[in-house]
There are 2 protein chains.
Amino acid sequence: MRSASDLTARARIRDAALARFGTDGIAGTSVRAVAADAGVSPALVVHHFGSKEGLRQACDDYVLDSIRSGGAAASEALGEVLQAATPVRRYLARALLDDTPAAGALFAEIVDRTQAWLAAGEDEGWVRGCADARARAVTYVSWLLAPLVLGNHVGRLLGGDPAETTTAVRGTRAGLEMLTNGLFADDRWLAAFTAIDERKHR
Amino acid sequence: MRSASDLTARARIRDAALARFGTDGIAGTSVRAVAADAGVSPALVVHHFGSKEGLRQACDDYVLDSIRSGGAAASEALGEVLQAATPVRRYLARALLDDTPAAGALFAEIVDRTQAWLAAGEDEGWVRGCADARARAVTYVSWLLAPLVLGNHVGRLLGGDPAETTTAVRGTRAGLEMLTNGLFADDRWLAAFTAIDERKHR
DNA sequence: CTAAGTATTGAACACATGTTCAGCCGGTGT
DNA sequence: ACACCGGCTGAACATGTGTTCAATACTTAG
């Protein structure tokens, strides 16, 4: 475990920014606050990153790299993300909401990988067929991302602190059950939706 | 359809704030910008709402009311939310991420309702049983909320603009398919997860 | 019509923000 | 020994922020 003090100042600033951006949002975080957290003068952060925007991009690049390098060839495309360090997760959630280009690219990349993974599973017989593979991949990724984005609320309701493993486990297990056995015992909702949809398209 | 100009200034300010807060985040929105959108002086917004914080609370109350009154006794507990006006949706997503007390209360309330709804369905036989009803309700709500929070990215990948119905339909349908038929054809992931979990707890 | 009260504004204030700049410190090469 | 150069800082600047306040327009009651 690295201690904060033996990192280069540049890295300390990046880590502090990651944490603060994730907690308070990018607009809600001041350069001064980041500098203070890193034990550094505000002038140094702009010396290293050019501007606040530059700092944000550095954060984008950092989480992008740490996710991509994490397990490019891993089977479960998103498993790595969910197990990344918590500040990274929170920052990722913020970035996705703030809709930065980097976040969009990352989301698209995750979806692509997941779609390929699901297609492979379909070939091998352990994933069911479906009408719209693209839509399914997008929806599936959204679902995996959801507890991450809503982590605070989910954690609060499931007891224990949000970062803790044991609370995430309950949600993950419940999700897996739904994905394996299904949630609804008959197709009443699916049929109802299809009916409405067709009526609208006529 | 009401036009913007025949609303009371107070309502215009609230609507403008709702939209801007949802788009740019609360910290990223200035009182002046809201005032300009509402065609009003900055001084008036604080005259009506006391402070920027007061304005945010008014927005919280507004979406809370419009959701609660929308369909308190409706069957699908969250269906109303997803069909609410788009600015409200975007604001709700922001509020959930910013973790305001009001948002937390709303999330808890939605989960409670959903859990009751699922329990009823279980009694009536159209919802499958499960090990952890609470966790399932929380996860289910997260899933329904996910496309809302990640709306931009989902919409972009599914084509068309995010607010449009036709793009949301694809995702919703894919989701319903997964919830009805299941996604995985066998229980390899569920079994694997259970195995890991048990090993950890021994 | 007058009085009262509310809606609304323009100008101002105090403060926080992102950014700049001239300079200091400490190590490295010559 | 010197010069040099990158990490680093304190003070300053311009601007944008939330908020205040006195004063004006507008509506409504007596």
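Quick caveat, the model's predicted, so the values are computed rather than measured. In what follows, chains are A, B, ... by sequence order, proteins preceding strands, each numbered from 1. What's counted below: heavy atoms across the whole structure, side chains too, no hydrogens, waters or symmetry copies.
Between A/Asp99 and B/Arg156, at least one side-chain nitrogen of the basic residue sits less than 4.0 Å from a carboxylate oxygen of the acidic one, meeting the salt-bridge criterion. For the pair A/Glu122 and A/Arg136, the salt-bridge criterion is met [side-chain N within less than 4.0 Å of a carboxylate O]. In this structure, B/Arg56 does not pair ionically with B/Asp61, as no charged nitrogen and carboxylate oxygen lie closer than 4.0 Å.
For C/dT17, the OP1/OP2 oxygens have a side-chain nitrogen or oxygen of A/Ser30 closer than 4.0 Å.
Using the six-membered ring where Trp is involved, A/Trp126 and B/Trp189 have ring planes that are perpendicular, over 60° apart on the 30 and 60° scheme.
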Is there a side chain to side chain contact (heavy atoms under 4.5 Å, CB included) between B/Phe49 and B/Gln57 once you walk through the steps? CA-CA 9 Å; B/Phe49 297 93; B/Gln57 285 195 15; over 6 Å; no

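For DNA chain D, the span of nucleotides reached by chain B at under 4.0 Å from its heavy atoms goes, 5' to 3', from D/dT17 to D/dC21.
Remark: the B/Arg173 side chain and the A/Thr139 side chain contain no N/O donor-acceptor pair separated by less than 3.5 Å.
Tested against B/Leu150, the residues A/Leu97, A/Val149, A/Val141 include a single side chain to side chain contact (heavy atoms under 4.5 Å, CB included) partner, A/Val149.
Among the atoms of the strands shown, base atoms are found under 4.0 Å from some heavy atom of B/Arg32.
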Side-chain polar contacts of residues 18-27 of chain B - donor-acceptor pairs under 3.5 angstrom, sequence neighbours left out - could you list them?
| residue | atom | partner | partner atom | Å |
| --- | --- | --- | --- | --- |
| B/Arg20 | NE | B/Asp24 | OD2 | 3.3 |
| B/Arg20 | NH1 | B/Asp37 | OD1 | 3.0 |
| B/Arg20 | NH1 | B/Asp37 | OD2 | 2.6 |
| B/Thr23 | OG1 | B/Ala19 | O | 2.9 |

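Within residues 42-52 of chain B, the residues approached by DNA chain C to less than 4.0 Å at the level of any non-hydrogen atom are B/Ala43, B/Leu44, B/His47, B/His48, in residue-number order.
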